[in-house]
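Below: one structure, written as structure tokens.
Below, read A as the first sequence line, B as the second, and so on, with proteins coming before strands; counting in each chain starts at 1. Since the model is a prediction, treat every value here as computed from it, not as a measurement.
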Protein chains: 2
Amino acid sequence: MVYTQKIRREILVECAYELVEREGVEALSMRRLAQIVDVRASSLYHHFPEKSALLSAVAEQGLFHLAAALERASTLVSSDPRRQIYAMGMTYREWGLQHSHLYRLLFAGTPPIEDASSASPSATVAPVLAATEVLVGASQATAAAQAIWAFVHGFVMLELTGHMQQCLPVEGFQLGLACFVQGLGR
Amino acid sequence: MVYTQKIRREILVECAYELVEREGVEALSMRRLAQIVDVRASSLYHHFPEKSALLSAVAEQGLFHLAAALERASTLVSSDPRRQIYAMGMTYREWGLQHSHLYRLLFAGTPPIEDASSASPSATVAPVLAATEVLVGASQATAAAQAIWAFVHGFVMLELTGHMQQCLPVEGFQLGLACFVQGLGR
DNA sequence: GTCTATACCTTGATAGAC
DNA sequence: GTCTATCAAGGTATAGAC
């Protein structure tokens, strides 16, 4: 056989990941990615049925990294759930701001596939759920985790979309986080 | 002159608004809109320099309606800032869920133009800011409003993107709102 | 099985005629 | 102001070379 394999799926995802992180989703076209790995655009369809599948793969990678960062932040501090929540919140925001293009992709548009296999959106919140369970008990743990996630996510999104130019956003972030940490502990 | 005026800017915005609300942003193409108002696509560019300008106009309309709903909710209840915040939070979420396509447009991508003229994102939070000012004082009012806005916005976004299938989201929403209303009152 | 060549269709946008 | 014509990108399907 003459046509040996020039590209592998993982390579494609990796290149797409870097491109999105650097220049944003709009910059990622099938032709552009193909050019980077030196093949024709149509060849990509032998590895991904459609563009959205590629984007999903990229998003999954991003979720994996984000979840890892949260895990790390949670285990670094003491086992006090309040400190853990605070640490995870700060880390979450940092990650989102530093990987702005990627973060937007993670939560823009794509309905979560909830694939049981690897990184899923709910896996991202798992460490938060663990902390809230200790703090407020199993019955309210999910609701508490949802609330905290919503706050942190919303804050990052508003910052990324430029809706928080006024004063220092950090203050509002820490204030909100404090409200949860205190308010949830009865 | 042969070609008389067939369309007005406001009509275009109105039609685009309805189309977005019904079928989402993806459904709005210049050709599609042109067809609706019975004109050629290129003619639209005499009313909007580019598509994004049209989308901005639509978003501005949406912000205006959302802000009006919040104002209404705030004045309907007593002058207790806690009740006002709670009422506005519930109303905000309702509006977002009911106008999902529109809501996504409001906060997706577009950097806010902060036009001093009419409806701007900060005008949306104005009634919230008024309530927090009474509750926590002027020095912390902005931070508190930011935090509340972030929570509500984040919650709606997570619901709209399908990241909250598990159990009843309402519980988490009310729990979070309660945290703020109580936590901010010292 | 993998990649190339090619073509189709939709879309945003522009130029110039009336 | 609106028209026609036209362009450049981009997603995608298909046929075929090796």
Side-chain angles (χ1 to χ4, degrees), chain A residues 1-61 101-102 104-105 108-111 113, chain B residues 1-61 101-102 104-105 108-111 113:
Chain A
M1 51 184 167
V2 181
Y3 280 111
T4 92
Q5 177 150 319
K6 290 175 71 174
I7 48 182
R8 276 183 311 132
R9 194 192 144 98
E10 304 101 58
I11 302 292
L12 291 178
V13 175
E14 195 179 317
C15 288
Y17 188 96
E18 288 171 8
L19 185 56
V20 168
E21 179 152 30
R22 248 184 305 122
E23 307 184 25
V25 232
E26 326 79 48
L28 176 61
S29 72
M30 297 303 264
R31 285 175 165 87
R32 176 92 185 268
L33 178 60
Q35 184 184 338
I36 291 176
V37 297
D38 195 39
V39 291
R40 300 297 157 179
S42 54
S43 305
L44 301 182
Y45 288 88
H46 285 269
H47 301 266
F48 297 95
E50 58 207 357
K51 189 188 180 183
S52 66
L54 171 63
L55 285 177
S56 290
V58 171
E60 192 180 328
Q61 268 296 304
H101 291 136
L102 220 37
R104 289 168 92 121
L105 171 63
T110 336
I113 317 155
Chain B
M1 53 186 168
V2 182
Y3 287 113
T4 91
Q5 175 149 325
K6 291 175 70 174
I7 50 181
R8 276 183 313 132
R9 191 192 146 98
E10 303 100 61
I11 303 293
L12 291 178
V13 176
E14 195 179 317
C15 289
Y17 188 96
E18 286 172 7
L19 184 56
V20 168
E21 179 151 30
R22 247 184 306 122
E23 306 184 26
V25 231
E26 325 78 49
L28 175 61
S29 71
M30 297 302 264
R31 286 175 166 85
R32 177 92 185 267
L33 178 60
Q35 184 184 340
I36 292 177
V37 297
D38 194 36
V39 131
R40 299 298 160 178
S42 55
S43 305
L44 301 181
Y45 288 88
H46 278 263
H47 301 266
F48 296 95
E50 57 206 358
K51 190 187 180 185
S52 67
L54 170 64
L55 286 177
S56 290
V58 171
E60 193 179 330
Q61 269 296 305
H101 291 137
L102 220 36
R104 289 169 92 120
L105 171 63
T110 335
I113 317 156

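Using five terminal pairs a side, the axes of the helix from C/dG1-D/dC18 to C/dC18-D/dG1 at its two ends make an angle of 10°, given in steps of 10 degrees.
Between B/Val2 and B/Glu26, the one whose closest nucleotide on DNA chain C sits nearer the 5' end is B/Glu26.
Between A/Arg32 and A/Glu26 there is no salt bridge, since no side-chain nitrogen of the basic residue lies less than 4.0 Å from a carboxylate oxygen of the acidic one. A/Glu14 has no carboxylate O lying under 4.0 Å from a charged side-chain N of A/Arg8, or vice versa, which leaves the two without a salt bridge.
Going from atom NZ of A/Lys51 over to atom CG of A/Leu54 covers 8.0 Å, rounded to the nearest 0.5 Å.
Without hydrogens or angle criteria, B/Lys6 side chain to B/Asp38 main chain gives a donor-acceptor distance under 3.5 Å. Of the possible donor and acceptor atoms, none in the side chain of B/Ser43 sits under 3.5 Å from a partner among the backbone N and O of B/Val39.
Remark: C1' of D/dT12 and CD of A/Glu50 are 10 Å apart, rounded to the nearest angstrom. A straight line from OH of B/Tyr45 to C1' of C/dT14 spans 9 Å, rounded to a whole angstrom. Regarding A/Arg31, its CZ atom lies at a distance of 11 Å from the C1' atom of C/dC8, rounded to whole Å. The distance between atom CG of A/Leu33 and atom C1' of D/dA9, rounded to the nearest whole Å, is 16 Å.
Counting distance only, with no hydrogens placed and no angle test, the side-chain atoms of A/Arg32 and the base atoms of D/dG10 include no donor-acceptor pair under 3.5 Å.
Annotation: side chain of B/Glu21 is not in contact with side chain of B/His101 (no heavy-atom distance under 4.5 Å).
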Name the pairs: protein N/O against N/O of nucleotides 2-5 of chain C, kept only if under 3.5 Å.
unit_1: C/dT2; atom_1: OP1; unit_2: A/Gln5; atom_2: OE1; d: 3.4
unit_1: C/dC3; atom_1: OP1; unit_2: A/Lys6; atom_2: N; d: 2.6
unit_1: C/dC3; atom_1: OP1; unit_2: A/Ile7; atom_2: N; d: 3.1
unit_1: C/dC3; atom_1: OP2; unit_2: A/His47; atom_2: NE2; d: 3.0
unit_1: C/dC3; atom_1: N4; unit_2: A/His46; atom_2: NE2; d: 2.7
unit_1: C/dT4; atom_1: OP1; unit_2: A/Lys6; atom_2: NZ; d: 3.4
unit_1: C/dT4; atom_1: OP2; unit_2: A/Arg40; atom_2: N; d: 2.8
unit_1: C/dT4; atom_1: OP2; unit_2: A/Ser43; atom_2: OG; d: 3.1
unit_1: C/dA5; atom_1: OP2; unit_2: A/Arg40; atom_2: NE; d: 3.4
unit_1: C/dA5; atom_1: N6; unit_2: A/Ser42; atom_2: OG; d: 2.8

CA sep, side-chain torsions, deciding dist, call: A/Leu55, A/Leu28, side chain to side chain contact (heavy atoms under 4.5 Å, CB included): CA-CA 9 Å; A/Leu55 285 177; A/Leu28 176 61; 3.7 Å; yes
Side chain to side chain contact (heavy atoms under 4.5 Å, CB included) assessment of B/Ile7 paired with B/Leu44: CA-CA 9 Å; B/Ile7 50 181; B/Leu44 301 181; 4.1 Å; yes
